[in-house]
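Here is the structure we will look at, set down as structure tokens.
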Amino acid sequence: MEAAVGAASSLLGKVLTKLSEDLVAAYVDSLELGHNSEQIQTKLMHTQGLLQLAEGRDASNVTALPALLEKLSNKADEAEDLLDELHYFTIQDQLDGTHYAAPDLGDGLRGHARHGLHALRYTIGNWFPCFSCSRAQDDDSAPTAVANSPHHYATNSATASADDGGHVDRLHFDRVAMSSKIKSVINDIHSLCDPVSDLLSKIPSNSTAVTLTRPHIGSTIIQDKLYGRKDIFEKIVDDITSGTHQGQTVSVLPIVGPGGIGKTTFTQHLYNDSRTQVHFTVMVWMCVSTDFDVLKLTQQIHNCIPPTENETASETANLDQLQKSIAQRLKSKRFLIVLDDIWKCNSEDEWKTLLAPFTKGEAKGSMVLVTTRFPKLAGMMKTINPVELQGLESNDFFTFFESCIFGEHKPRDYEDELGGIAREIARKLKGSPLAAKTVGRLLKKNLSREHWNGVLHNHEWQNQKNYDDIIPSLKISYHYLPFHLKKCFSYCALYPEDYRFSDSEINRFGIAIGIIDSSHPSDNDYMEGLVENGFLMKGVIDDHPYYVMHDLMHELSRSVSAQECLNISDLDFRAEAIPQSIRHISITIENRYDENFREEMGKLKGRIDIVNLRTLMIFRKYEERIIEILKDTFMETKGLRVLFIAVTSLESLPQRFSKLIHLQYLQIRSPYGTEMTLPSTLSRFYHLKFLDLISWHGSPNLPKDIGRLVNLRDFFARKELHSNVPEAGKMKYLRELKEFHVKKGSVGFDLRELGELRELGGALSIHNLENVATKEEASSAKLALKSDLKELTLVWGREHPTYTDADILDALQPHSNLTTLGIINQGGNTWPSWLCPDTRVNNLETLHLHGVSWGILPPFGQLPYLRELSLKSISGLRQFGPDYGGVRGKCLVRLKKVLFHDLSDLVRWVVEPNCHMFPSLESIDCRNCANLCVLPFSEWSCTNLCMLYVDGCPKLCLPPMPHTSTLTCFSIRNGSEMFSYHENKMVVTKYASALAFHNLGEVEDMRIEDVSHISWTDLEKLKSLRKLAVGRCDGMFCGELDGSVVFHNMDKVESLSVDVSQLTGKLLSKVFNSCPALAELEINSRDEYQEERVIQFPSSSSLQALNFSFLAGLVLLPAEDGGGLQDTTSLQSLNIMLCDRLFSRWPMGAPMTNPFPASLRKLDIWGESSIWSMALLSNLTSLTHLKLIMCDKLTVDGFNPLITVNLKELEVRNLSGNSVAADLLSEVAMAKIMQEGSFQLEKLKVDSISAVLVAPICNHLSATLHELVFSNDMREKGFTEEQENALQLLTSLRTLGFDLCEVLQCLPQGLHHLSSLKTLKVSSCPQLRLLPEQGFPTSLQFLSLGYASADQKEQAEKLKGTYPNLRVHNQAS
């Protein structure tokens, strides 16, 4: 009932809004209804007022009311459409200077003649197939293009583009039909208002529609085991018993999260933990629920606290006495109070009153834990940042889910029979413990696959009605919302799961469909209201806020809006299950054609009122067949207020797109690389308030009549589209125009257009100001009147400015509310008068001056709020400061960021000595200031600097850097010299200046190269260092010759990379020994010519990864000489690249010691000509990844097949054509110890097609191989029958690739039988035909082409037509 009352109230509000339009009201008055529009409005307002009073009351005893409300809503809906259509034609009249929809005042013959003329037009109109604007009209009674209209042109197509001449036909107004329908529907509404008002007045004022009851839960643990959340649990226990809160008398920690997330269970375990019990002397648990009564709660808590020894027992209801008694009882005791399940608290004062007696104790470290669904309450009550509980992690959740079904004992055959279904269901429950309990109860009723699949596919948990089921539990929170938030929340069901809403997106939608008053949108109230009540979560990306809904809240949204909103997300939806009352539809299905979808959409078209659909949101691009289904389904739609659509051509638009005159919110998206233009009929949507072209990637040209969108408020598009809006001044309500170009000789591009935009705000950039000739023309922009404008950039575009620019700039004075100003390439010799003195833009926070030629800079010191200053390409500026516009000493105290670019004459940045300057400055960016010598670094200035960027300032003299410990992000560059530090990572390359190591204590990752003044001893000062890469640094070990180098332990270093060009093996060993915790080691060299170098590796229990690269002289000593790595028993990964002689001394004949430890799991050998026997690897039976590339002399001698048992990835290939892959795989296939199916190999890359495609090998690989790539096969031109048959055995194959197979001419003919194949990759195979005779498998989704021939690219284009679901990606060629 509440929904019906709210809907009727909302619809009456829309009618009232339409009737408030003067021309609409005048037209209605002319219809001789027996009462004028003002009387009608009065009656409607009376009825609406009664409806608003009835919201939230229990009207169930007024049995006749629902039917009357339904009738009233339907008539109000119809009236809104008609009045909206009438309003459309009054706007059209105003734009064209006509009077077709003017009120018919009737004065004798003139009135009758006008009425007769319209009747004649109506009759003539029936001869043409035309457009109907209202729900009851047929097409042949619709308005048509008017032949004698000043806007009558040849085109009347929905797909006419902006390049077709721009102007479009106006629509014909049918006065006879309109008058008749308005008269009828107004009379119907008028007659319904009286009985509805009469029944509404009978609803008791003290009744409520929803009585909120909550179960009372105590501290006793019901769920013995706490699943998941171990880390946060331990942190909280530690914090409240011995951590950060021990210095406070009492701390308040809220635990917040949506219903059913496990807040109470989590808190019960905190309360009952032995450490908590020991730590707190007094512990009280209160279940608050909806009854937040300070006196009652204080009494209950008082009763739970033991009295003092001398206290006289007495009962009292006096709050003051109770508070004093509590304070006395807790005076010297540490206590824990839990207030569970708080639903409301009317004010912060009310909360402080409850908390007051707990803040008076002498003991420290007492705690109050609060659990609530509402972030707003948590924020009000906290003294510590709230703990926000999210869903359980997947593994923990699944364990809990199984316990909800089976308890502690799972059936023996559960995993085989039901485990897969259980996991699929668990994924849909999004980690909610209450959802696990709800579904667990459903599943345990019947342990059959049929029942479990039914629960899975029908989402049966959404239909459970008990208070402790998930959706009913969440609905309690929903019923607690104010009505306006309920409506906004319900429409969120139309958006996809995990959709990120912008801060005003729901507001725009609400305004468009009429649930939010457009005159008072209160931009953030709705989104923030839903956040405060726990229905949305707020995040930030790149300083931009966004809102996202938890998946279970999304399900709740779909549940509460099911009678009005439909989100079609599955191809297998059933139309007969859809309520006939649906008015808003969104499409989020996958881009895959399905015949069942066509069938069901056809049924849907006949089931719901498609004609009067209010919302259609299509969130992704679809292939042609799906587009045709959607166009057919929504062909008759006329009443849309909201349309979101992605188009690949203008033919993708709805059939009657140009006739959607009720549209208020339109979003059009198009793919990159398309040249299509926007439809010219776009300019016909006079009611449009929001136009979203952010994702439009077609032509930037706009319809020439786009200015006719006179109600447009927000135009979301890239700057290029904004700059192409002609006659923007007609859009008087436009709130932002990012860019405006002044164009000579073009109509609608002079500054007078900006003058008409009185509500213009946000950011505005005005370009081509050199085309403004006079001060009067500049004044016509009326920038000083635009109080909502926050950012303004003024740009002159020519290279040779004139001095008249000064007058122009003076006339472009902005409003004092401006916070960001940019002036670029202005040609005058002084700043504008409004910038100084006694500046009229004293709220400026950001100032950019680029390419100006002012002799003296403006008085920055007079800008009290200046936070960012940017100076670029300003000639003649030799000194910055210390006089900042006549203000010396303490000025620019809020300045945070300074940017100096291309200031070729700047020499010094001067500050007053011993004066605290720039106390807030955090960032300095200096680039290409060739003569700059001094920056203001001292103990007095820039003391809070944390970011510094210097590039191309060769004369700049800097102190040892970083000069202060606050500077944690900097980059100093000059040519190839660089010194940078960011996020605890430091890079030093050819930097010759001193380093302040005492300010680098937080460095964890350091790379140094080509420096001579940093020693190993310096590095030992970096106490946090964990990762170190040392390039060629000649001076680092210079003390070696005289024995002065001392290697102390760098015991935190876990990763080390060393260029050994200048190191002896002995010294290198000392370096290794100084890093006892080393887990990763890379040894490389940049020397082109390398003498033989012998290295002995010490045994290590920590080294896990070792990398040798570009070490042509490196030699591994035999085991008997102390060489090899076999003692490094912790080693997991070894990479050897282009070492050439590494094994030249290692004996490879029998008997032989293996050089590598058996612990090795990953081995890559690339370009090693000294290895010729696989016997070297015979002990590596734990390998999971093995790559042998360009080992041209390698043979399978001594090969042990057991090294392949655990392999998941294998790559064996040579570039010379000498393949060892065939021999190796043959050895595996012949090994009797290897059973079919015993392989674990998932990825295989080899240089021989014939080596793999044989039945014995493919039988081994059939169950596990997901990816197979043939690379560098220079022999095979095609596939034999035996190879084709072997390929069919690879039933798990998902990816197949061919790379550098230069003579291969065709793909396998049986490719279409590989039903698991999803990806095909082809690169550098110039002779290959892409399409096999039998085609591709239907499972194929992605085709990647690298270095494709022209013929292959042409074939790929044809494939797109044959396989519309196939994504084809062309890489570089």
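Source: prediction; values computed, not measured.
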Has [X] got more than 12 heavy atoms of other residues, nucleotides or ligands less than 6.0 Å from its [atom1]?
| X | atom1 | result |
| --- | --- | --- |
| Glu393 | CD | no |
| Lys230 | NZ | yes |
| Arg423 | CZ | yes |
| Glu1267 | CD | yes |

Q.
Any carboxylate oxygen within less than 4.0 angstrom of a Lys/Arg side-chain nitrogen, looking at Lys1052 and Glu1054?
A. no
Q: Evaluate the side-chain hydrogen bond (donor to acceptor under 3.5 Å, both in side chains) criterion for residues Asn1107 and Asn1135: first the C-alpha distance (whole Å), next the side-chain angles of each, then the deciding distance (0.1 Å), finally the verdict.
A: CA-CA 5 Å; Asn1107 185 354; Asn1135 182 35; 3.2 Å; yes
Q) How are the rings of Phe1279 and Phe1298 set to each other: parallel, tilted or perpendicular (split at 30° and 60°)? A) perpendicular
Q) Considering the options Thr1195, Leu1224, Asp1197, which one meets the side chain to side chain contact (heavy atoms under 4.5 Å, CB included) requirement together with Met1174? A) Leu1224
For [X] and [Y], which heavy atoms make the closest approach, and how far apart are they?
| X | Y | value |
| --- | --- | --- |
| Leu1293 | Thr1295 | CD1-O, 3.6 Å |
| Gln1327 | Glu1302 | NE2-O, 3.3 Å |
| Val1220 | Asn1214 | N-ND2, 4.5 Å |
| Leu1314 | Leu1290 | CD2-O, 4.2 Å |
| Ile1257 | Leu1225 | CD1-O, 2.9 Å |

Q: Report the C-alpha separation of Glu1168 and Ser1170 in whole Å, then their side-chain angles, then the decisive distance to 0.1 Å, and conclude whether the side-chain hydrogen bond (donor to acceptor under 3.5 Å, both in side chains) test is met.
A: CA-CA 6 Å; Glu1168 180 55 61; Ser1170 66; 2.3 Å; yes
Q) Would you say Gln1126 and Asn1179 make side-chain contact, with heavy atoms under 4.5 Å? A) no
Q: Check Asp1299, Asp1273, Asn1272 against Arg1213 for a side-chain hydrogen bond (donor to acceptor under 3.5 Å, both in side chains) and give me the one that passes.
A: Asn1272
Q: For side-chain hydrogen bond (donor to acceptor under 3.5 Å, both in side chains), just list the numbers for Ser1178 and Asn1154, CA-CA rounded to whole Å, side-chain angles, deciding distance to a tenth of an Å, and then say yes or no.
A: CA-CA 8 Å; Ser1178 60; Asn1154 298 102; 3.2 Å; yes
(Q) I'd like to know if the side chain of Gln1305 pairs up with that of Lys1277 as donor and acceptor (distance under 3.5 Å, no hydrogens or angles considered). (A) no
Q.
Let's go through Glu1009 and Arg1007 carefully: what are the C-alpha distance in whole Å and the side-chain angles of both, what is the deciding distance for salt bridge (Lys or Arg N to Asp or Glu O under 4.0 Å) to 0.1 Å, and is it a yes or a no?
A. CA-CA 7 Å; Glu1009 188 168 359; Arg1007 174 176 290 276; 5.1 Å; no
